[in-house]
Amino acid sequence: MSKYDIIVLGSGPGGYVTAIRASQLGFKTAVIEKESLGGVCLNWGCIPTKALLKSAQVFEYLKHAEDYGLSVKEADKDFNAVVKRSRNVAEGMSGGVKFLMKKNKIDVIEGFGKLKPGKKVDVNGTEYSADHIIIATGARSRELPSLPQDGKKVIGYREAMTLKEQPKKMIVVGSGAIGVEFAYFYNAMGTDVTIVEYLPNIVPVEDEDVSKQLERSFKKSGIKIMTSSEVTQVDTSGTGVKATIKTKKGEETMEADIILSAVGIKSNIENIGLEDVGIAVDRDKILVNDYYQTNIPGYYAIGDVTPGQALAHVASAEGILCVEKIAGQHVEALDYGNIPGCTYASPEIASVGLTEKQAKEQGLDIKVGKFPFSASGKASAAGTKEGFVKVIFDAKYGEWLGCHMIGAGVTDMIAEAVLGRKLETTGHEVLKAVHPHPTMSEAVMEAVADAYGEVIHL
């Protein structure tokens, strides 16, 4: 039996980052992976979807070349080549993780790992033991009873990335990050797209102003949006698929080539031995403390299998914190109120902290500032004037309660707000920090200035 200090079950952005940090701290480390290094994020999620979205964005630029004083005789696309580029990007990133495992002297054990009592893991009949076992098995597309996925006419995000043919008509059920990103991609490629969302607003976790702006932008691009609606039944017996949709006005039937189910994710906790070890679970989440220890000593869990936000950067942060605690370092519990969320459609969305509605529900006296990119010199020059930056401050103490952005490149701008909040920056300190001109990031400073009645360019 091979013995390790730390074994990590799963090699997604939680698992492989955890393993590297463990190795850096001097632990003899192994990673168990049943498929491809990098997990869903690198192979079927974060990275390849961004490659698809970039192709869509470039295609849109070509179609609007005249807006930039350029001439393109005819903008066309090769759908299969776009998909192939995305897969190549994913393969390159997975290869990069393989290199990192070798560089950090981490053993990669291929196969399906099952937890055993006594701090052991069985991988295809071979047992491995460790002082500490960290579960990082991630999640998969969640299925609704009314919307079973057959992988052909009713698909999840995985199939949506590798379709052999571009559908003429698609229904996207769910408008979280996955749903709106694929809705944007397929619409930009020329597919007739309809979004069906159960809640009153698309991207429902975002500030309402952001949700409304994205809905306007999507409708302008030709995407149909049905909110307060749900798919109650699907018929796949014909050449395409028929969806029965319950709306506020009653039922209606809609036909499409494909339905993409993007209604969330389901944790991968089945058949990994949790019951054999006695690890406590609540629904499909493994219960952990602030340092990701389960109720059974020597067993830990991070990432999508735990109750925190199911985001790649959260899994990475949790894993690093977990192994640093194991190493005896002084660590602070992760602040889940300061986790940025990003959606990479066009326009992009990025946010952190409280929405205006949440701040008011907490009874806080707030100052709200908003700066539209239509007033930004850089946005005008780039031809990306859609969207805005919105900030929320506590009126009494100046605490930066929330920041919400929609527009070009905002996923790269949100870090300013995350760092500012971490350092307990006040609104006046943001105003006195000189922002470069002309940049999109000036909109953050201008939005703060608006909150305090000092805005210059509005």
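What's counted below: heavy atoms across the whole structure, side chains too, no hydrogens, waters or symmetry copies.
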Looking only at atom types and distance, does a side-chain atom of S380 sit under 3.5 Å from a main-chain N or O of G377, one as donor and one as acceptor? no
According to ring pair (Phe, Tyr, Trp, His ring centres under 6.0 Å), does anything in residues 381-402 pair up with another residue at least two apart or in another chain? List the pairs. F393-W400, F393-Y452
Using a 3.5 Å distance criterion without hydrogens, assess whether the side chain of R158 forms a donor-acceptor pair with backbone atoms of G45. no
Where do V173 and I259 come nearest, in terms of heavy atoms and distance? CG2-CG2, 3.8 Å
Is any NZ, NE, NH1 or NH2 atom of the basic residue among K34 and E110 found under 4.0 Å from an Asp or Glu carboxylate oxygen of the other? no
Hey, is NZ on K63 packed in by over 12 heavy atoms from elsewhere, all under 6.0 Å? yes
Could you measure the distance from the OG atom of S228 to the NZ atom of K249? Nearest 0.5 Å is fine. 11.5 Å
Answer yes when K396 and D365 have at least one side-chain N-carboxylate O distance shorter than 4.0 Å, and no when they do not. no
How far does CD1 of I245 sit from CE of M226, to the nearest 0.5 angstrom? 4.0 Å
Just wondering, more than 12 heavy atoms not from E424 lying within 6.0 Å of its CD? no
D209 and K390 ion-paired at < 4.0 Å: yes
If you compare all heavy atoms of A451 against all heavy atoms of V391, which two are closest, and at what distance to 0.1 Å? CB-CG2, 4.4 Å
Does D192 pair with K224 as a salt bridge, N-O distance under 4.0 Å? yes
Side-chain donor-acceptor pair under 3.5 Å between E416 and H435, yes or no? yes
Within 45° of the ring axis of W44 and under 6.0 Å from its six-membered ring centre, is that where the NZ or CZ of R140 lies? no
Are the side chains of H330 and E324 in contact, using a 4.5 Å heavy-atom criterion? no
Keeping E143 on the side-chain end and Q149 on the backbone end, is there a donor-acceptor pair under 3.5 Å? yes
K84, NZ: over 12 other non-hydrogen atoms inside 6.0 angstrom: no
Evaluate V83 against R85 for side-chain contact (heavy atoms from CB on, under 4.5 Å), listing each step before the verdict. CA-CA 5 Å; V83 171; R85 176 182 179 271; over 6 Å; no
Ignoring hydrogens and angles, tell me if any N or O in the side chain of E33 forms a donor-acceptor pair with the backbone of S11 under 3.5 Å. yes
Hydrogens and angles aside, do Q57 and S346 bring a side-chain donor and acceptor to less than 3.5 Å of each other? no
With a 4.0 Å cut-off on N to O distance, would you call K169 and E255 a salt bridge? no
To the nearest 0.5 Å, what is the distance between CD1 (I225) and CD1 (I202)? 4.0 Å
Between S211 and P204, is there a donor-acceptor pair closer than 3.5 Å when you use the side chain of the first and the backbone of the second? no
side-chain hydrogen bond (donor to acceptor under 3.5 Å, both in side chains) between T191 and Q166: does it pass, once the steps are laid out? CA-CA 7 Å; T191 298; Q166 181 184 343; 3.0 Å; yes
Write down the atom of D304, the atom of I265, and the distance for their closest heavy-atom approach. OD2-CD1, 3.9 Å
Check: V210 main-chain N/O paired with Q213 side-chain donor or acceptor under 3.5 Å: no
Could you pull out the closest heavy-atom pair between A65 and V72, with the gap in Å? CB-CG2, 3.6 Å
Once you round to the nearest 0.5 Å, how far does OH of Y300 lie from CD1 of I6? 7.5 Å
Check the pair T49 / Y344 against side-chain contact (heavy atoms from CB on, under 4.5 Å), numbers first and verdict last. CA-CA 9 Å; T49 54; Y344 299 85; over 6 Å; no
Taking atom CD of E361 as the centre, does the number of heavy atoms from other residues, nucleotides or ligands within less than 6.0 Å exceed 12? yes
Please tell me whether E386 and S217 have a donor and an acceptor in their side chains that are separated by less than 3.5 angstrom. yes
Quick check on E165: does its CD atom have over 12 non-hydrogen neighbours (other residues, nucleotides or ligands) under 6.0 Å away? no
Is the shortest heavy-atom distance from the side chain of V241 to the side chain of I258 under 4.5 Å? no
Do the non-hydrogen side-chain atoms of M413 and M440 ever get within less than 4.5 Å of each other? yes
Would you say the side chain of L52 lies within less than 4.5 Å of the side chain of F182, judging by non-hydrogen atoms? yes
Give a yes/no verdict on a cation-pi contact between K325 and Y291, requiring under 6.0 Å between NZ or CZ and the six-membered ring centre and an angle within 45° of the axis. yes
If we count only N and O atoms by modelled type, under 3.5 Å, do the side chains of Y184 and E348 hold a donor and an acceptor together? no
Establish, yes or no, whether the cationic atom of K103 lies under 6.0 Å from the six-membered ring centre of F99 and within 45° of the ring axis. no
Residues two or more places apart in sequence or in another chain: which of them pass side chain to side chain contact (heavy atoms under 4.5 Å, CB included) with V17? S316, I320
Under 3.5 Å donor-acceptor, S267 side chain and D284 backbone: yes
Side chain proximity check, I414 to C342, heavy atoms < 4.5 angstrom: yes
Once you round to the nearest 0.5 Å, how far does NE2 of H64 lie from CG of L70? 13.5 Å
pair L260-I171: side-chain heavy atoms closer than 4.5 Å: no
Within a 6.0 Å radius of atom NZ on K285, are there more than 12 heavy atoms belonging to other residues, nucleotides or ligands? yes
For E332, I'd like to know if atom CD has over 12 heavy atoms of other residues, nucleotides or ligands within 6.0 Å. no
Are there over 12 heavy-atom neighbours, none belonging to I456, within less than 6.0 Å of that residue's CD1? no
Closest heavy-atom pair, Y292 versus C322, reported as atoms and distance to 0.1 Å, is CD1-CB, 4.0 Å
May I ask you to test the I135-I286 pair for a side-chain heavy-atom distance under 4.5 Å? yes
Under a 3.5 Å distance rule, please check whether Y186 uses its side chain to pair with a backbone N or O of A160 as donor and acceptor. yes
Report yes if the side chains of D412 and V410 come closer than 4.5 Å at any heavy-atom pair, otherwise no. no
Under 3.5 Å, is there a donor-acceptor pair linking the side chains of S229 and E197? no
d(I392 CD1, I366 CD1) to nearest 0.5 Å is 6.0 Å
State plainly whether the residues K357 and D207 are in salt-bridge range, i.e. N to O under 4.0 Å. no
Donor-acceptor pair, distance only, cut-off 3.5 Å: does the side chain of T137 make one with the backbone of N268? yes
Under a 3.5 Å cutoff, is there a donor and acceptor pairing between the side chains of E206 and S351? yes
Under a 4.0 Å threshold between the charged nitrogen and the carboxylate oxygen, would K50 count as salt-bridged to E181? yes
Closest contact, heavy atoms only, N187 versus S221: ND2-O, 3.2 Å
D290 side chain to A333 main-chain N or O, any donor-acceptor pair under 3.5 Å? no
CA sep, side-chain torsions, deciding dist, call: V352, I339, side-chain contact (heavy atoms from CB on, under 4.5 Å): CA-CA 6 Å; V352 67; I339 300 293; 5.9 Å; no
Between K219 and E215, is there a salt bridge with N-O shorter than 4.0 Å? yes
